[in-house]
There are 2 protein chains.
Amino acid sequence: MSNASLWAALADPHRRAIVALLLEGPRSVGEIVAESGLSQPSTSKHLKVLRAAGLVRVRQDAQRRVYALDPAPIAELDAWLAPYRKLWNASLDALGRRLDETSQDPPGDPSDVTEETAPKD
Amino acid sequence: MSNASLWAALADPHRRAIVALLLEGPRSVGEIVAESGLSQPSTSKHLKVLRAAGLVRVRQDAQRRVYALDPAPIAELDAWLAPYRKLWNASLDALGRRLDETSQDPPGDPSDVTEETAPKD
DNA sequence: AGGGGATATTCCTTGACTGGAATATAGCCA
DNA sequence: TGGCTATATTCCAGTCAAGGAATATCCCCT
């Protein structure tokens with residue numbers, strides 16, 4: 001049910017960018033506009049979609065509205081992902097977990113499959 | 001990069017349904033058509049999108065083509081999710097971890113909070 | 001080679017989503 | 001109250017994805 005709007009909300013790259021911004025902390029609309037490079041109306045519209053999906057909540061502070069992430073839908077995504085995670089864990093094992101033991105990165109081996117960087121999109 | 005097509009591919013409910021089907025095991029197109037209720041051309045088109053996103057791979061068995069999940073993009077999704085997972089784990093802690101005391105998990109290892117529910121959409 | 005089944009690909013129409021510009025609304029302060 | 005700032009909403013045009021129907025393509029079998 002909420003799944004539908006959740007996926008739809010995250011399908012847009014700009015919206016994912018906004019969500020990534022809010023991961024660092026709450027932001028007012030003006031700040032989001034400044035940091036995302038989107039126009040103000042466009043930002044408001046995207047925030048509306050994110051709000052409808054339950055991904056963000058608003059706190060009204062004087063004239064400005066401060067948006068913050070709501071973790072619940074993310075958890076929902078995670079739950080959806082769970083069965084698949086088993087799958088690729090299994091396949092990683094099959095490929096040989098030994099390769100992961102070398103946690104260092106030797107120069108000349110740029111095969112980074114899994115980064116732990118912030119979501120950039 | 002591949003992120004874009006990945007999210008776009010999973011944004012569609014029918015496509016997620018197909019992916020959920022393939023989670024149970026590889027399927028031929030005909031079987032997917034039968035189980036998903038979609039038309040054959042529509043199914044082929046959705047499979048094309050999933051293929052472009054790297055979510056499925058095809059094995060050609062005589063005249064039929066058997067589709068199977070490719071775990072890698074799912075892992076990518078999981079990587080994207082990782083920073084947020086910290087967030088909602090934290091908020092779960094804030095809500096009071098004491099409620100979970102009925103479980104048998106040793107403290108200090110909240111790595112697997114997720115259940116093993118099937119993706120319901 | 002011909003027939004038939006399985007799958008992919010067009011063509012077309014329709015609906016949804018997006019961005020920009022302009023405008024409306026709401027809350028603060030002098 | 002008037003004006004200013006911050007945010008939301010409407011209107012509109014362009015774009016893109018989805019479904020249906022028909023058709024093409026590929027592969028096996030006799």
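Bear in mind that the values here come from a model prediction, so they are computed numbers and not experimental data. Numbered from 1 within each chain, the chains take letters A, B, ... in sequence-line order.
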>> Assess the residue pair A/Arg85 and B/Ile74 against the criterion (side-chain contact (heavy atoms from CB on, under 4.5 Å)); give the C-alpha distance rounded to whole Å, side-chain angles, the decisive distance to 0.1 Å, and a yes or no.
In response: CA-CA 7 Å; A/Arg85 188 155 37 224; B/Ile74 310 274; 6.0 Å; no
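- Checked by atom type, the side-chain pair B/Arg51/B/Tyr67 shows a donor-acceptor distance below 3.5 Å.
- When atom types are taken as modelled, the side chain of B/Arg65 and the backbone of B/Arg59 share no donor-acceptor pair closer than 3.5 angstrom.
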>> Output one letter per nucleotide in nucleotides 12-26 of chain C: B when a protein non-hydrogen atom lies under 4.0 Å from the base, S when only the sugar-phosphate is that close, - when neither is.
In response: ------SBBBB----
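- For B/Trp7 and D/dA17, the CH2 to P distance is 18 Å, given to the nearest whole Å.
- Taking atom CD on A/Glu31 and atom P on D/dA6, their separation rounds to 11 Å, with Å as the unit.
- Look at CG on B/Asp61: it is 11 Å from C1' on D/dC27, rounded to the nearest Å.
- Atom CG of A/Leu50 and atom P of D/dA8 are 12 Å apart (whole Å).
- With hydrogens and angles ignored, the 3.5 Å screen pairs no side-chain donor or acceptor of B/Ser42 with any backbone N or O of B/Leu38.
- The residue A/Ser28 sits close only to the backbone: its heavy atoms come under 4.0 Å of sugar-phosphate atoms, none of a base.
- If you take CZ of A/Arg64 and C1' of C/dC28, they are 11 Å apart, rounded to a whole angstrom.
- In this structure, the CD1 atom of B/Ile32 is 14 Å from the C1' atom of C/dA8, given to the nearest Å.
- Residues B/Leu77 and B/Asn3 have side chains not in contact (no heavy-atom distance under 4.5 Å, counting atoms from C-beta outward).
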> Are A/Arg15 and A/Leu10 close enough, and set up right, to give a side-chain contact (heavy atoms from CB on, under 4.5 Å), and what steps lead you there?
Replying inline: CA-CA 6 Å; A/Arg15 244 131 42 195; A/Leu10 289 175; 5.9 Å; no
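- B/Tyr67 has a side-chain polar atom (N or O) that falls below the 4.0 Å cut-off from OP1 or OP2 of C/dA8.
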